[in-house]
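Numbers restart at 1 for each chain; the letters A, B, ... are given by sequence-line order, proteins then strands. For clarity, every value in this text was computed on a predicted model and none was experimentally measured.
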Amino acid sequence: MNKMVDQEQKIEKVERIRHSASHVMAEVVQSLFPDAKFGIGPVIDNGFYYDFDLPRSLTPDDIPIIESKMAEIIAQNLPFTSEEVSREEAKGTFAAQPYKLELIDEIPEEQMGIYRQGSFIDLCRGPHVSSTGEIKAFKLLSIAGAYWRGDEKRPMLQRIYGAAFETQGELEHYMEVIAEAAKRDHRKLGQELDLFSFHEEAGPGLVHWHPKGATVRRVIEDFWVAEHIKRGYEIVNSPHIAKIDLWKTSGHWELYRENLYSPMDVDGQEYIIKPMNCPAHILMYKTRLRSYRELPIRWAELGTVYRYERSGVLHGLTRVRGFTQDDAHIFCRPDQLEDEVVDVLEFAIYMMRTFGFEEYKIMLSTRPEKYAGTIEIWEKATETLERALKRVDLAYEVDPGEGVFYGPKIDISLRDALGRTWQGPTTQVDFNLPQRFDVTYVDVDSVAQPVVMVHRTVLGSMERFFGCLIEHYAGSFPAWLAPVQAMIIPIADRHMDYAQEVAAELRADGLRAQVDMRAERMNQKIRQAQLQKIPYMLIVGDNEASSAEVSVRLRSGEDLGRQTINAFREMAGSAISQKTT
RNA sequence: GCCCGAGUGGCGCAAUGGUAGCGCAACCGACCUGUAAUCGGUAGGCUAGCGGUUCGAAUCCGCUCUCGGGCUCCA
């Protein structure tokens with residue numbers, strides 16, 4: 001209990017420090033640029049930022065200059081003082097600050113807070129530390145453009161990001177986490193481990209899966225298919241292009257236009273590349289009448305879709321223009337919805353646990369301003385989702401108004417090994433498409449009823465999930481996923497034949513085994529296998545060749561010593577089938 | 001899309017107006033080695049693309065492409 005109170009006070013303290021650091025930074029910027037216009041300077045995770053409108057662009061060279069001037073102010077230990085002023089007084093004080101004036105106009109109360117330190121005055125509700133000397137550990141990280149109030153129609157300001165903590169040790173720890181994150185960056189590991197590439201010649205945001213990346217993907221996909229079949233799904237496939245009219249019926253042409261690629265002409269008809277798989281599944285559903293007895297129908301597809309994304313938003317595997325959704329559509333009756341959602345949530349969590357994610361954050365997004373269907377139907381579905389969440393006993397938060405126009409949704413984000421969050425599985429109820437396509441089932445009384453449709457993924461997309469997995473495991477995939485599971489390392493050329501025999505035997509067992517045939521020393525081969533993060537290194541020399549054994553080294557550096565090929569097959573086989581290490 | 005920054009052999013980097021270098025990888029040869037880099041040699045770049053300034057451009061300027069940090073948006 002006391003610990004919790006301490007924790008809360010600590011959070012408050014560190015937030016004061018961060019907020020104060022942003023004011024000190026603003027003071028420096030003001031001294032450097034007397035004409036600077038100030039935006040906002042809030043506290044964020046691990047630090048702070050401040051937005052400025054400046055006469056010239058900041059460059060990375062400005063960072064150390066601003067940093068050292070901040071240190072001077074901190075050394076002077078200037079007090080932070082606050083006062084309450086009226087709206088009119090505030091307007092007078094900030095007469096030359098258009099962004100502040102805009103903020104003042106939006107404050108509902110007539111009295112507002114002003115904080116000063118040194119020569120800097122800011123509109124601010126506080127709180128701050130009592131004097132600048134309390135800012136013990138900070139570092140400026142980067143500069144970036146940011147629209148005023150996040151609105152791209154408004155001016156672009158210059159933002160400086162900084163980190164700040166209570167102690168130097170915490171700051172250093174944070175900088176280490178950043179460095180560790182850089183080491184795990186899936187874009188870097190993707191190149192080093194020969195997993196995938198992008199090409200200027202092919203176009204941005206288009207992933208090329210190399211053999212090793214494709215192997216990991218195939219293992220995931222095989223597992224995915226098997227798990228779906230276990231849970232009563234059927235696997236389907238649908239084409240990559242369709243006539244534009246299909247997308248007009250679905251509403252995508254009207255409502256999702258900015259993400260669609262231009263139509264192409266095929267025999268005088270316009271076609272577009274699919275941005276989603278749902279219309280295809282609906283067409284298949286509608287090939288005959290469906291009885292209430294055959295619902296729910298669960299159709300899953302690893303469906304590759306293409307969506308136009310603005311050039312500036314592309315990012316490695318996590319934001320691309322062509323990707324494969326691990327999609328499924330559940331067609332069910334209203335009374336089945338809750339059970340179906342429960343099953344989907346349990347399925348999604350099972351998948352996440354299998355891949356080593358133990359922590360998640362679950363968001364329930366409710367009706368946005370623009371929506372299809374009626375308020376009653378939305379409320380009913382939202383309640384159903386909440387009941388399902390309670391049944392699976394998962395903590396969740398409500399994100400009001402963040403649902404898609406066609407229905408409420410549950411998003412699961414994952415916390416990786418470094419504590420960062422990734423968007424993962426999603427479950428969305430859809431009222432729109434069944435209506436637009438007239439998707440029905442024949443009920444007990446032989447009357448056609450609208451079907452309830454659920455879109456869901458349990459991984460998200462193959463690309464994004466793979467990127468997340470790479471960083472989560474830092475490229476050291478557990479044996480069941482590793483593209484090369486065992487590297488056989490002959491000590492001298494005369495051991496090549498035996499190495500090949502071992503490899504053949506392991507491959508016959510389904511193991512992904514290779515021999516390092518290069519004319520290199522054993523140490524070099526071990527180093528390479530180590531850098532490639534291969535789970536098992538099997539060293540073979542005279543001793544092993546004469547006794548049908550292998551010497552097993554793990555990538556942890558641990559030397560397990562000699563064992564028979566059969567003993568190794570058993571050990572590796574069990575680690576792989578249990579999906580451990 | 002917008003703001004800022006960057007783009008040099010497969011990869012990592014050097015050369016800031018004066019004939020483009022280094023390491024790793026690759027290739028060839030030698031070595032035959034017991035748990036994270038053996039030695040020697042060879043080859044490879046019209047410096048992302050196009051245009052301009054200059055006697056002379058990797059270097060300065062403009063446009064385009066791609067990448068990175070953000071904003072906005074999303075699987």
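Of the candidates C32(B), C74(B), G69(B), G69(B) carries the atom nearest the S142(A) side chain, counting heavy atoms from C-beta on. Picking from G69(B), G5(B), U38(B) the nucleotide with the shortest atom distance to the side chain of R521(A) gives U38(B). The side chain of R187(A) approaches G68(B) more closely than any other nucleotide in the set C11(B), G5(B), G68(B). Of the candidate nucleotides U33(B), A36(B), C4(B), A36(B) has the atom nearest to the side chain of R527(A). When each of A75(B), U35(B), G69(B) is scored by its nearest atom to the side-chain atoms of F323(A), the top-ranked nucleotide is A75(B). Of the candidate nucleotides A36(B), G1(B), G34(B), G34(B) has the atom nearest to the side chain of I491(A). Each of G1(B), U35(B), C32(B) was ranked by its minimum atom distance to the side chain of Y308(A); first place goes to G1(B). The side chain of A144(A) lies closest to G70(B) when the candidates are A75(B), A37(B), G70(B). Checked against U33(B), G1(B), G7(B), the side chain of E200(A) finds its nearest nucleotide in G7(B).
Below 30°, between 30° and 60°, or above 60°: for F477(A) and F466(A) the angle between ring planes is below 30°, a parallel geometry.
Taking 3.5 Å as the limit, the base of C74(B) and the side chain of R464(A) contain a donor-acceptor pair of atoms between them. No hydrogens or angles were tested; on distance alone, nothing pairs the side chain of E192(A) with the base of G12(B) as donor and acceptor under 3.5 Å. One donor-acceptor pair, N or O on each side, does fall under 3.5 Å between the base of G1(B) and the side chain of Y147(A).
Within 4.0 Å (heavy atoms only), N259(A) reaches no atom of the nucleic acid at all. In this structure, M522(A) reaches the sugar-phosphate backbone alone: every heavy-atom distance under 4.0 Å involves primed, P, OP1 or OP2 atoms, never a base. Within 4.0 Å of G541(A), counting heavy atoms only, lies at least one base atom of the nucleic acid. In this structure, D559(A) reaches the bases: a heavy-atom distance under 4.0 Å links it to at least one base atom across the strands shown. Using a 4.0 Å heavy-atom distance criterion, S57(A) is classed as a sugar-phosphate-only contact.
Across all strands shown, C27(B) forms a Watson-Crick or G-U wobble pair, both distances under 3.5 Å, with G41(B).
The ring of Y161(A) does not lie on top of the base of G70(B); it is either too far (5.5 Å or more) or too tilted (30° or more).
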